[in-house]
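Down below is the structure, laid out as structure tokens.
All ligand and atom numbering here is 1-based and tracks the order in the structure. As the structure is a prediction and not an experimental result, all values here were calculated from the model.
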Amino acid sequence: MKILIHDSAEAATSAAARDILSLVRARPACRLGLATGGTMEPVYAELRRAAAEVSFRAVTTFNLDEYVGLSPEHPQSYHRYMAEQLFDHIDIDRANTHVPRGDAASPNTEARDYDARITDGGGLDLQLLGLGANGHIGFNEPFSSLGSRTRVKTLARKTRDDNARLFAEGEVVPTYAITMGVGTIMEARQILLVATGAHKAEAVAAMIEGPVSAACPASVLQFHPRVTVRLDGGAASALKGRDYLDFVHPNAEEVDLG
Ligand code: F6R
């Protein structure tokens, strides 16, 4: 794992956006796994700002998850989020963007088909991830199987409480979501995880320094050969090895040793 600690959340998210732009420039027909959530909003804002210089015309995207029961038009659906945050503002071919259909007649079939679309098409070059305060990635809640494939998951109370702020007053946060599995995520050739804010500190420490355990699904990333984690100081504040990480990458700088 390459752990880069930035001096602000803004620096962490804009560096993540630059990582994505570099990949798209180098490989215009790349396959990207995308995430939603508050952490990603400044990442997508930066991609929107770069839209005049970088073409997404040949890029294919697969989002991590979607709430079961929400149609693509629902204001809190991840279809809508992606349209508003990114897809409506860049030159991507919408036929090449994929988000699980939360309103599919059979969510289980939709999940299986979605997983097959990812793998049959050649997998993902880069998977962008946020981190739940409970250690989830995608909607793989604590005690998800570390080998799981895309499937329907029941959301944890903590996740539903965290996301309630995004739903209209009185509206119930869905109980189920379709999410890429932990095993599906682990097959991405490269992973870029972004976490900002002190409320993520315990989950970040468990992910990086804790035992690999389904209790913190993100900890399985310790086994992935190519992970970059971009953090701000708050998210890094519970790391025991912080001094060493600052020594290896002062100010989140990367040293090329050839
Ligand atoms: C969303 C997703 C989730 C979020 C995580 C963090 O597609 O997969 O794992 O990345 O819940 O959300 P924020 O960024 O809102 O704290």
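- At a threshold of 4.5 Å between non-hydrogen side-chain atoms, the residues Y176 and F139 do not count as touching.
- By the rule that hydrophobic residues join a cluster once side-chain heavy atoms approach within less than 4.5 Å of another member, V68 and L64 end up as members of separate clusters.
- Interface of G130 with ligand 1, defined as ligand atoms under 4.0 Å from a residue heavy atom, comprises 10 (O).
- Hydrophobic clustering of Ile, Leu, Val, Met, Phe, Trp and Tyr side chains at less than 4.5 Å, counting indirect connections, keeps L4 apart from L128.
- In terms of protein heavy-atom proximity, atom 15 (O) of ligand 1 is closest to G38 N, 2.8 Å.
- No N or O atom of F139 sits closer than 3.5 Å to an N or O atom of ligand 1.
- Those atoms of ligand 1 that come under 4.0 Å of a heavy atom in G37, given as number and element, are 14 (O), 15 (O).
- Against a heavy-atom cut-off of under 4.0 Å, D65 is close to the following atoms of ligand 1: 1 (C), 2 (C), 7 (O), 8 (O).
- Taking distance alone, with nitrogen or oxygen atoms compared against 3.5 Å, T39 approaches ligand 1 more closely than that limit.
- Contacts with ligand 1 closer than 4.0 Å are made by backbone heavy atoms (N, CA, C, O) of L131 only, the side chain lying farther away.
- Taking each of L129, T36, T159 in turn, the one with a heavy atom nearest to atom 7 (O) of ligand 1 proves to be T36.
- The CD1 atom of I90 lies 7.0 Å from the CG atom of L47; values are rounded to the nearest 0.5 Å.
- If you check which protein heavy atom lies closest to atom 5 (C) of ligand 1, you get H136 NE2, 3.4 Å.
- The ligand atoms of ligand 1 that sit less than 4.0 angstrom from a heavy atom of G138 are 2 (C), 3 (C), 8 (O), 9 (O).
- Within the 4.0 Å heavy-atom criterion, the part of L64 lying near ligand 1 is the side chain and not the backbone.
- The two residues V24 and S55 make their nearest non-hydrogen contact at CG1-O, 3.4 Å.
- Atom CG of L221 and atom CD1 of I137 lie 4.5 Å apart (nearest 0.5 Å).
- One hydrophobic cluster, built from ILVMFWY side chains closer than 4.5 Å, cannot hold both V152 and Y114; they sit in different ones.
- Within the 4.0 Å heavy-atom shell around ligand 1 one finds K200.
- In summary, the aromatic rings of F56 and F87 are positioned with their centroids too far apart to meet the 6.0 Å limit.
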